[in-house]
**Student:** 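Take this structure, written in structure tokens, and hold onto it; I'll ask about it next.
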Amino acid sequence: MGTTKHQGGSSGFPQGAERPLWSFPADGNSDWGDVSEIPAWAHSEAASAAPPPEEAPGPPEVKPAFGERAGYAGRSSARTSKRGAGGTGSWGGGRSANSGSKRASTRTPRTREKRPADAAEPAELTDEQYATKGRAILLRQLTASAKSRAQLKTKLLEKEIPENISEDLLDRFEEIQLVDDEAFADGWVRSRARSRGLARGAIKRELREKGVDDETAQQALEQIDDGDEEERARELVRTKLRPESMGADRDKALRRLVGMLARKGYGGSMAFRIAREEWDVRFEEQG
């Protein structure tokens, strides 16, 4: 392939260097001057056969003179390569070869010493250890809320306290009146009747579920008589009848009221009678 002299330009070739033909575009789009100044050989077959620009070799690399600062990317790569080889950096006279080798050396990762795991609780405790553990469980349970003896025993057995030790602990707690099913039942009846408006039948079922025997439950329920129970049912119905929409459909309203009382443990005949009477008082007087 032929070459030609040129007098410098933006192509990257030094002044006076021979420029190969492939560096001249065949279409005449050159940075050497106007199209009219393109030499005739640029239209030759050799110029037409030149490879496309992306396949043509680039201009020769021009290395900076000694002491001249290179671009950031070139300086970074040069410093990295020289430091990796134990050199002194790209500015000359920097770190010593010894410091470069230390930086390039592989660091040994620090490992923490594993502390021995705490000894697990022995599979079998002594009776005294079980008793201490059981007392702590009972105190936590009673601090949260009052509970029946049956509830507390269930909790002790769940925590793997032997049954004989559980019974001894509960007996001792009953002696000091920290566990008392009668007091628990009395408080439960008052609370559920006042806060939830439950009938005696519903409260009795709840006490049975909590392990209170029927005799103790019946004694606690004696604090509620028939009059108290009916008055509580009327209060519940009056609360539900406050919206005006309850007077639009009498039959629908009565069904809703009776269902509400039945869920709270009131008998069907009593629930229907109270619901009908209270609806009539609430809406017929307005009509």
Side-chain angles (χ1 to χ4, degrees), residues 136-159 166 169-170 173-174 176-286:
I137 294 171
L138 291 176
L139 290 174
R140 285 197 301 269
Q141 292 294 313
L142 292 172
T143 300
S145 62
K147 291 179 175 62
S148 66
R149 176 177 176 128
Q151 287 178 295
L152 294 171
K153 182 178 180 180
T154 300
K155 182 61 65 174
L156 289 173
L157 296 179
E158 288 178 356
K159 299 296 183 179
S166 299
L169 288 172
L170 292 171
F173 272 61
E174 281 187 344
I176 59 179
Q177 297 182 354
L178 288 178
V179 176
D180 188 344
D181 277 3
E182 292 182 2
F184 169 76
D186 288 342
W188 188 264
V189 169
R190 289 192 301 270
S191 173
R192 302 299 281 177
R194 181 176 61 253
S195 63
R196 298 292 303 278
L198 298 182
R200 287 172 293 183
I203 298 175
K204 187 174 182 179
R205 286 194 297 271
E206 290 184 346
L207 290 174
R208 186 180 295 118
E209 291 173 357
K210 295 183 179 301
V212 177
D213 60 85
D214 290 343
E215 182 179 355
T216 302
Q218 188 61 40
Q219 291 177 357
L221 289 169
E222 289 177 358
Q223 57 188 304
I224 301 176
D225 56 22
D226 294 340
D228 295 335
E229 190 170 76
E230 180 172 336
E231 182 58 31
R232 192 167 295 109
R234 291 185 181 276
E235 291 175 358
L236 292 171
V237 171
R238 291 167 189 160
T239 302
K240 292 293 183 180
L241 286 175
R242 286 174 185 172
E244 294 292 336
S245 59
M246 292 293 288
D249 188 336
R250 184 175 185 271
D251 292 339
K252 182 178 179 180
L254 292 179
R255 286 195 300 270
R256 292 178 59 183
L257 294 172
V258 171
M260 180 269 296
L261 291 176
R263 288 190 296 273
K264 292 184 177 294
Y266 295 92
S269 59
M270 175 184 177
F272 185 77
R273 176 175 57 82
I274 293 175
R276 185 180 63 251
E277 293 174 357
E278 292 298 326
W279 191 94
D280 293 342
V281 170
R282 171 73 171 84
F283 294 106
E284 285 191 355
E285 288 181 354
Q286 295 181 358

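In this chain, numbering begins with 1 at the start of the sequence shown.
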**Student:** Can you confirm whether Arg242 sits close enough to Thr239 that some side-chain heavy atom of one is under 4.5 Å from a side-chain heavy atom of the other?
**Tutor:**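 They are in side-chain contact.
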
**Student:** May I ask you to decide if Lys210's main-chain N or O and Ser148's side chain share a donor-acceptor pair within less than 3.5 Å?
**Tutor:**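 The answer is yes, because a donor-acceptor pair under 3.5 Å joins these two groups.
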
**Student:** Indicate the atoms forming the closest heavy-atom contact of Ser166 with Leu157, along with that distance.
**Tutor:** OG-CD2, 4.2 Å

**Student:** Sequence neighbours left out, what passes salt bridge (Lys or Arg N to Asp or Glu O under 4.0 Å) with Glu235? Give chain and number order.
**Tutor:**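 Scan of Glu235 (salt bridge (Lys or Arg N to Asp or Glu O under 4.0 Å), adjacent residues dropped) gives none.
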
**Student:** Decide yes or no on side chain to side chain contact (heavy atoms under 4.5 Å, CB included) for Val212 and Glu206, but give the supporting numbers first.
**Tutor:** CA-CA 9 Å; Val212 177; Glu206 290 184 346; over 6 Å; no

**Student:** Any chance you could lay out the salt bridge (charged side-chain N to carboxylate O under 4.0 Å, His left out) test for Arg282 and Glu244, step after step, and finish with the verdict?
**Tutor:** CA-CA 10 Å; Arg282 171 73 171 84; Glu244 294 292 336; 3.5 Å; yes

**Student:** Within the distance-only criterion (no hydrogens, no angle test), does the side chain of Trp279 pair as donor or acceptor with the backbone N or O of Met246 below 3.5 angstrom?
**Tutor:** yes

**Student:** Please name the pair of heavy atoms, one in Leu142 and one in Leu178, separated by the smallest distance, quoted to 0.1 Å.
**Tutor:**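 So the two residues come closest at CD1-O, 3.6 Å.
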
**Student:** Supply the atom-to-atom distance Glu229 CD to Ile274 CD1, rounded to the nearest 0.5 angstrom.
**Tutor:** 8.5 Å

**Student:** Side chain to side chain contact (heavy atoms under 4.5 Å, CB included) between Leu241 and Leu257: does it pass, once the steps are laid out?
**Tutor:** CA-CA 9 Å; Leu241 286 175; Leu257 294 172; 3.7 Å; yes

**Student:** Of all residues at least two apart in sequence or in a different chain, which pass the salt bridge (Lys or Arg N to Asp or Glu O under 4.0 Å) check with Glu230?
**Tutor:**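 So Glu230 forms a salt bridge (Lys or Arg N to Asp or Glu O under 4.0 Å) with Arg234, Arg273.
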
**Student:** I need the minimum non-hydrogen distance between Leu207 and Ala185, along with the two atoms involved.
**Tutor:**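 It is CD2-CA, 4.1 Å.
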
**Student:** Side-chain contact test, heavy atoms from C-beta onward, threshold under 4.5 Å: evaluate it for Arg232 versus Ile224 and give yes or no.
**Tutor:** yes

**Student:** Is there a donor-acceptor pair under 3.5 Å between the side chain of Ser191 and the backbone N or O of Gly187?
**Tutor:** no

**Student:** For a 4.5 angstrom cut-off between non-hydrogen side-chain atoms, does Leu169 reach Leu152?
**Tutor:**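 A side-chain contact under 4.5 Å is absent here.
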
**Student:** Below 4.5 Å, heavy atoms only, C-beta onward: do Val281 and Arg238 meet side chain to side chain?
**Tutor:**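 Contact flag for Val281/Arg238 side chains = no.
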
**Student:** Within the structure provided, determine whether Arg200 and Asp226 are in side-chain contact (heavy-atom separation under 4.5 Å).
**Tutor:**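 Yes, at least one pair of side-chain atoms sits under 4.5 Å.
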
**Student:** What's the verdict on side chain to side chain contact (heavy atoms under 4.5 Å, CB included) for Leu138 and Leu170, showing C-alpha distance, side-chain angles and the deciding distance?
**Tutor:** CA-CA 9 Å; Leu138 291 176; Leu170 292 171; 4.0 Å; yes

**Student:** Step through the shown structure and confirm whether more than 12 heavy atoms of other residues, nucleotides or ligands are within 6.0 Å of NZ on Lys240.
**Tutor:** no

**Student:** Check the pair Leu236 / Tyr266 against side chain to side chain contact (heavy atoms under 4.5 Å, CB included), numbers first and verdict last.
**Tutor:** CA-CA 11 Å; Leu236 292 171; Tyr266 295 92; 4.1 Å; yes

**Student:** Quick check: does any side chain N or O of Asp180 sit under 3.5 Å from a backbone N or O of Glu174, one acting as donor and the other as acceptor?
**Tutor:**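 Pair absent, no side-chain N/O of Asp180 close to backbone of Glu174.
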
**Student:** For residues Arg250 and Arg276, determine if any side-chain heavy atom of one lies less than 4.5 Å from a side-chain heavy atom of the other.
**Tutor:**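 When only atoms from C-beta onward are counted, Arg276 and Arg250 do touch, with a gap below 4.5 Å.
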
**Student:** Assess whether atom CD of Gln177 is packed by more than 12 heavy atoms of other residues, nucleotides or ligands within 6.0 Å.
**Tutor:**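 Incorrect, the count does not exceed 12.
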
**Student:** Is the shortest side-chain heavy-atom distance between Leu261 and Phe272 below 4.5 Å?
**Tutor:**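 No, their side chains stay 4.5 Å or more apart.
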
**Student:** Which pairs pass salt bridge (charged side-chain N to carboxylate O under 4.0 Å, His left out) with one or both residues in residues 213-223, sequence neighbours excluded?
**Tutor:** Arg208-Asp214

**Student:** In Å and rounded to the nearest 0.5 Å, what is the NZ to CD distance from Lys204 to Glu209?
**Tutor:**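 The distance works out to 13.5 Å.
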
**Student:** Is there a side-chain contact between Arg140 and Thr143 (heavy atoms, below 4.5 Å)?
**Tutor:**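 SC-SC contact between Arg140 and Thr143 ruled out.
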
**Student:** Of all heavy-atom pairs between Ala202 and Lys264, which one has the smallest distance, and what is that distance?
**Tutor:**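 In this case the closest contact between Ala202 and Lys264 is CB-O, 3.5 Å.
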
**Student:** Looking at Lys147 and Gln141, would you say the former's side chain and the latter's main chain have a donor-acceptor pair under 3.5 Å?
**Tutor:**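 Indeed, once roles are kept as given, a pair shorter than 3.5 Å links the two residues.
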
**Student:** What are the two closest heavy atoms between Val258 and Ala275, and how far apart are they?
**Tutor:**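 Looking at all heavy atoms of both residues, the closest pair is CG2-CB, 4.2 Å.
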
**Student:** So, for Gly247 and Phe283, which heavy atoms are closest and what is the spacing to 0.1 Å?
**Tutor:** N-CZ, 3.3 Å

